Structures are given as C-alpha cells and as structure tokens.
Amino acid sequence: MKLPRKFYNQKTLKIAQDLLGKFLIRKYRGKKYIGKIVETEGYYGFKDRASHASRGETERNKIMFGRAGHAYIYLIYGMYYCLNIVTEKEKYPAAVLIRAVEPICRGRTCPVPTNGPGKLCRAFKIDKKLNGENLQSDKIWIEARGFKINKKDIVRAKRIGVDYAGKCKDYLWRFYIKGNSYVSKI
DNA sequence: CCTGGGATTTTCT
DNA sequence: GAAAATCCCAGGA
C-alpha cells in the first residue's frame with residue numbers, strides 16, 4: 001500500500017522520523033527493488049544554509065519548492081545522485097534526504113550496497129529521469145508494511161557533510177534506526 | 001570566461 | 001587522511 005498523499009502533508013522533521021521503517025520501492029525494467037528506510041535527514045526552509053534552497057530557487061532545486069510527495073533528485077560531486085522526498089506547501093523549500101536503506105530480496109536482507117545516499121541511488125537505478133516524479137507513480141514510491149519503529153530505537157543526530165553551513169551544521173535533523181548496520185555513519 | 005566548492009564515495013598512501 | 005572522480009551553480013574578472 002503506497003503511503004497516501006496526506007502522509008506528506010506533515011512537518012518535515014515529523015516525516016523524516018516517520019519514514020524510518022517504511023519501505024522504498026523502485027520498479028525499473030520489470031525488476032522491483034525494495035529497501036527499508038533506516039536513515040534520513042531533513043532540509044527545511046530558506047534559512048537552512050545546508051540546503052540547496054538557501055540561495056534561492058534554481059533550475060536544479062525547483063522541485064524542492066514544489067508540491068510535497070514528489071522526488072527531488074540531484075547530482076552531487078558530478079557523479080552520484082541523491083534522493084529526497086519533497087515536503088511542505090508549494091513555494092516553501094523543504095525535503096527529506098534518504099541517506100540509507102536496508103535492501104530486501106525475497107523477504108530477506110540481502111548484500112547490496114545501500115548504506116549511503118549515493119550508493120542507494122546507484123543500486124536502485126535512481127537518476128535524474130525520476131526528478132520530480134510523484135510518489136504515487138508506479139516507478140518509485142514508499143509504502144508501510146505494518147512495521148512500527150519504537151521511538152527509543154530512533155537516534156537523532158547532526159547531519160552529515162554540511163560543515164560549511166555555519167550554525168546550521170549543528171542542527172539535529174538526522175534520524176536513524178539504532179543499531180542498524182546499513183546506517184551510513186554512526 | 002574562469003574559478004572554487006559541494007547533502008559522496010573509492011582508492012590510494 | 002588525502003586525492004580524485006567530474007556536473008551544477010555562484011561569484012568574480
């Protein structure tokens with residue numbers, strides 16, 4: 001069951017936490033890639049210097065300014081894609097970066113490198129062609145499978161790779177499942 | 001036009 | 001720990 005549109009109509013940091021334990025599904029050329037989301041980060045508003053949106057709307061980041069429940073995908077360092085879930089109302093830039101998933105094959109955890117935002121996009125065949133895709137589509141979506149992560153198993157921490165962002169680098173806007181081996185950094 | 005750096009990862013010393 | 005891979009964007013000449 002795909003998460004309904006209204007799921008994405010919540011505050012960004014709430015969504016970032018609620019996405020833990022949900023399942024990212026990617027269908028590509030007849031294959032289905034499934035991963036349990038184990039690590040996320042929030043990027044929120046005009047003043048978040050870690051966010052692409054802090055310097056205004058551009059051709060690259062315009063999806064972040066669009067409707068919630070869509071995929072924002074960008075190329076970083078010229079070679080890796082990162083997958084984000086757009087949140088908040090139109091014209092307000094915010095998104096949740098999917099930093100890591102636990103890959104599932106035939107109902108079991110399987111050895112696929114998905115412990116990092118660039119790696120999971122490579123493994124799940126996610127690239128710029130999916131930028132702006134509605135998460136109600138049949139190419140990529142997120143679903144719940146009855147899993148419920150216990151609040152005490154959610155760790156809240158500083159975001160990764162944003163040392164340039166002034167005081168924003170210390171915001172505790174990263175969330176991950178305690179003890180999960182696919183979390184990119186502890 | 002040129003330069004520098006980035007929401008990353010791998011490979012080297 | 002440092003360097004390299006190499007696209008997108010901002011800022012300065």
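Nothing here was measured: the structure is a model prediction, and the numbers come from that model. Quick note on labels: first sequence line is chain A, next is B, and so on, each numbered from 1.
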Please set out all donor-acceptor pairs under 3.5 angstrom arising from side-chain atoms of residues 62-78 of chain A, sequence neighbours excluded.
residue: A:K62; atom: NZ; partner: A:E59; partner atom: OE2; Å: 2.9
residue: A:H70; atom: ND1; partner: A:G132; partner atom: O; Å: 3.2
residue: A:Y72; atom: OH; partner: A:H52; partner atom: ND1; Å: 2.8

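Residues of residues 17-25 of chain A having a heavy atom closer than 4.0 Å to DNA chain C: none are found. Of the residues in residues 169-184 of chain A, none has a non-hydrogen atom less than 4.0 angstrom from any atom of DNA chain B.
In terms of modelled atom types and a separation under 3.5 Å, the side chain of A:D127 and the main chain of A:K129 share a donor-acceptor contact. In this structure a side-chain-to-backbone donor-acceptor pair under 3.5 Å is present from A:T40 to A:A16. Side-chain N or O atoms of A:E133 include none that pairs as donor or acceptor with a backbone N or O of A:I140 at under 3.5 Å. Although no hydrogens or angles enter the test, the distance criterion places no donor-acceptor pair under 3.5 Å between the side chain of A:N180 and the main chain of A:V101. Proximity of a side-chain donor or acceptor of A:E41 to a complementary backbone N or O of A:R99 within less than 3.5 Å is not detected.
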How does DNA chain C look in dot-bracket notation if pairs are Watson-Crick or G-U with both distances under 3.5 Å, crossing ones as [ ], other-strand ones as |? |||||.||||||.
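For the pair A:D127 CG and B:dT8 P, the interatomic distance rounds to 18 Å; values are reported in whole Å. Residue A:Y43 contributes atom OH, which lies 11 Å from atom C1' of B:dG6 at whole-angstrom precision. Look at CG on A:D163: it is 15 Å from C1' on C:dG1, rounded to the nearest Å. With rounding to whole Å, A:Y74 atom OH is found 13 Å from B:dG6 atom P.
Annotation: side chain to side chain donor-acceptor pair (under 3.5 Å) contacts involving residues 104-118 of chain A, sequence neighbours excluded, comprise A:E102-A:T109, A:N115-A:K119. Identified under the disulfide (SG to SG under 2.5 Å) test for residues 142-179 of chain A, with sequence neighbours left out: none. Pairs passing the side chain to side chain donor-acceptor pair (under 3.5 Å) check and including a residue from residues 152-162 of chain A, sequence neighbours excluded, read A:D48-A:R159, A:K158-A:D170. Residue pairs satisfying the ring pair (Phe, Tyr, Trp, His ring centres under 6.0 Å) criterion with at least one member in residues 90-112 of chain A, sequence neighbours excluded, are listed as follows: A:Y44-A:Y92, A:F46-A:Y92.
For A:N9, there are no side chain to side chain contact (heavy atoms under 4.5 Å, CB included) partners, not counting sequence neighbours.
Across all strands shown, A:R99 has heavy atoms under 4.0 Å from sugar-phosphate atoms exclusively, and none from any base.
By the 4.0 Å N-to-carboxylate-O rule, A:K22 lies too far from A:D18 to be salt-bridged with it.
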Protein-nucleotides 10-13 of chain B N/O pairs closer than 3.5 Å?
residue: B:dT10; atom: OP1; partner: A:R122; partner atom: NH2; Å: 3.4

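Other members of the hydrophobic cluster containing A:F147, listed by chain and number, are A:F23, A:I25, A:I34, A:I104, A:W141; membership follows side-chain contacts under 4.5 Å among ILVMFWY residues, whether direct or relayed.
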With B for base contact, S for sugar-phosphate-only contact and - for none (protein heavy atoms under 4.0 Å), nucleotides 6-13 of chain C reads BBSSS---
Run the side chain to side chain contact (heavy atoms under 4.5 Å, CB included) check on A:I126 and A:Y28 step by step: do they pass? CA-CA 9 Å; A:I126 292 167; A:Y28 178 72; over 6 Å; no
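Minimum heavy-atom separation, A:A94 to A:E88: CB-CG, 3.5 Å.
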